[in-house]
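Report on one structure; see the data block that follows.
Computation of the quantities below employed the complete heavy-atom set of this structure, encompassing side-chain atoms and omitting hydrogens, waters and symmetry-equivalent molecules. All chains are named by letter (A, B, ...) in the order of the sequence lines, taking the proteins before the strands, and each is independently numbered beginning at 1.
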Protein chains: 2
Amino acid sequence: MIQLSSTEENYLKNIYRLLAEGGEKVGTNEIAALTGTKAASVSDMLKKLAEKQLLSYRKYHGVSLTEEGTKTALLILRRQRLWEVFLVEKLKFAWDEVAAIAEELEHVKAPVLVRRLDEYLGFPKFDPHGDPIPDEFGEWESSPRVLLQEVAPGKAGKVVAVTNSSAAFLSYLDKVGIYIGAKVEVLDKIEFDGSVELRIDGGKTVYLSREVAANLQVRLHPS
Amino acid sequence: MIQLSSTEENYLKNIYRLLAEGGEKVGTNEIAALTGTKAASVSDMLKKLAEKQLLSYRKYHGVSLTEEGTKTALLILRRQRLWEVFLVEKLKFAWDEVAAIAEELEHVKAPVLVRRLDEYLGFPKFDPHGDPIPDEFGEWESSPRVLLQEVAPGKAGKVVAVTNSSAAFLSYLDKVGIYIGAKVEVLDKIEFDGSVELRIDGGKTVYLSREVAANLQVRLHPS
DNA sequence: AATAAAATTTAGATTAGTCTAAAAATAAAT
DNA sequence: ATTTATTTTTAGACTAATCTAAATTTTATT
Ligand SMILES: [Mn+2]
Ligand SMILES: [Mn+2]
Ligand SMILES: [Mn+2]
Ligand SMILES: [Mn+2]
């Protein structure tokens with residue numbers, strides 16, 4: 001295991017995320033957009049990470065992570081999510097305030113610290129946003145999730161994750177009363193624009209646009 | 001308040017420590033030794049920090065911290081020591097295992113994180129090594145000093161001063177391994193002659209006569 | 001006071017990470 | 001199949017932090 005800089009770790013994590021939601025290759029511009037850099041910088045970094053065997057790279061054709069690269073990315077995600085749990089559970093931050101701070105804490109690499117933190121938190125399986133926390137081998141419990149967009153009317157479930165973590169999106173969710181763990185029931189789907197009529201926690205009902213419904217993951221209740 | 005890099009913060013903290021134990025100026029070599037760099041690198045950094053008004057610098061004559069520089073150094077020490085408390089109190093690290101990890105955590109600067117951490121820990125006044133934790137204004141409680149003679153068995157502390165500076169006394173201290181800053185733990189007090197059984201730096205134990213114990217001031221660790 | 005020793009600074013390089021502008025390759029559109 | 005547009009890479013430059021080796025300044029010793 002090679003020592004990586006914080007910068008390299010951030011690239012790796014972001015490439016992992018793009019691969020997880022997209023296809024099997026990610027492009028330079030896509031990475032640049034997510035990391036807040038320019039394509040030229042990304043090209044340089046890709047060469048460096050390929051050199052270190054963390055990703056496979058064919059010029060002009062995008063990259064995918066190697067086995068080793070994936071495992072490394074999962075360890076970074078593990079640290080990020082454990083710190084997020086700490087910040088919310090112990091320091092009483094709101095779930096939409098922790099991103100930037102965990103983004104820094106995740107780069108403290110001492111394995112003994114991560115183990116002790118995990119233990120201290122009671123070996124949580126999910127972070128405050130509903131995302132799974134990999135164990136020290138990069139494994140996690142797979143739980144079937146569906147986009148709210150795909151849920152048929154009449155079905156109910158629980159919000160387990162958001163696929164967009166922008167402050168704008170999170171504060172909107174907060175405003176309408178949606179949070180990780182909220183019980184949601186799809187009352188109707190509007191053909192016209194793909195929006196969803198939703199009952200939250202058995203109480204008030206709201207209409208969510210297709211864009212919003214496409215960024216909420218739910219785990220369906222057994223029915 | 002200017003944003004400082006982790007490197008700049010480390011220099012600042014180390015210069016503070018050298019000033020605290022030494023005189024009113026520190027030299028380039030001294031800093032290089034403590035930061036694990038070379039004198040040439042230190043020279044460059046001193047120019048940069050002087051530029052930022054954090055220290056006053058006269059070429060070839062060493063540096064001292066400005067008001068602003070001192071305040072900044074204290075905020076870094078605050079973060080370092082709060083994390084040390086966290087690691088020992090919450091994550092159950094031993095007091096001599098926390099240095100390297102806190103050395104990294106201290107550079108996460110988000111003020112809200114530091115406040116919440118402080119609160120979560122119950123606003124501790126001292127770190128696990130007995131060093132005072134500055135508040136957000138850089139102030140700390142000067143903790144009462146006690147003569148080693150007065151310390152009850154079982155208590156631990158840190159040597160902070162000698163009340164006798166004769167060469168004979170000092171060289172005796174040197175011989176048995178006692179110095180300013182040494183961690184000492186009183187194991188027993190002998191009724192018969194008032195002598196003290198002492199463990200030094202968690203290592204060897206010695207017996208000190210009543211005369212010697214009456215000339216050593218310690219600051220007790222919080223217990 | 002002159003000389004030798006020690007400490008400090010400068011000169012010139014190197015590495016990581018970034019950028020802009022230009023060149024090259026791929027993909028899309030005529 | 002050309003031409004155009006988009007994406008990606010390269011070339012060249014910059015900043016932060018570091019180094020070695022040489023020059024300079026201060027301090028100590030004759
Ligand atoms: Mn990060
Ligand atoms: Mn998360
Ligand atoms: Mn540090
Ligand atoms: Mn300490």
Send over the distance from [X] [atom1] to [N] [atom2], rounded to a whole Å.
{"X": "B/K47", "N": "D/dA16", "atom1": "NZ", "atom2": "P", "value": "13 Å"}
{"X": "B/E51", "N": "D/dT15", "atom1": "CD", "atom2": "P", "value": "14 Å"}
{"X": "A/L46", "N": "D/dT10", "atom1": "CG", "atom2": "P", "value": "11 Å"}
{"X": "A/E8", "N": "C/dT15", "atom1": "CD", "atom2": "C1'", "value": "12 Å"}

Using only side-chain N and O atoms of [X], determine if any of them is under 4.0 Å from OP1 or OP2 of [N].
{"X": "B/S43", "N": "C/dT10", "value": "no"}
{"X": "A/N29", "N": "D/dT8", "value": "yes"}
{"X": "B/Y57", "N": "C/dT8", "value": "no"}

- Message: Would A/K90 pass as a cation-pi partner of B/F86, given that its NZ or CZ must be under 6.0 Å from the six-membered ring centre and within 45 degrees of the axis?
- Response: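 No; the conditions do not both hold, so A/K90 does not lie above the ring face of B/F86.
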- Query: Do A/R219's NZ or CZ and the ring of A/F126 fall within the cation-pi criteria of under 6.0 Å and 45°?
  - Reply: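 Yes, a cation-pi geometry holds between A/R219 and A/F126.
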- Query: Is it true that a side-chain atom of A/K71 and a backbone atom of A/G69 form a donor plus acceptor pair closer than 3.5 Å?
  - Reply: no
- Message: Whether the side chain of B/H61 engages the backbone of B/K59 through a donor-acceptor N/O pair (distance < 3.5 Å, no angle test) should be reported.
- Response: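 A pair under 3.5 Å: yes.
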- Task: Going 5' to 3' through nucleotides 18-26 of chain C, assign each nucleotide B (protein heavy atom under 4.0 Å from a base atom), S (under 4.0 Å only from sugar-phosphate atoms) or - (no protein heavy atom that close).
- Result: BBB---BSS
- Item | Validation row: B/D118, B/R78 side chains within 4.5 angstrom (heavy atoms) | yes
- Query: What distance do A/E119 atom CD and A/L82 atom CG have between them, rounded to the nearest 0.5 Å?
  - Reply: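 Answer rounded to 0.5 Å: 12.0 Å.
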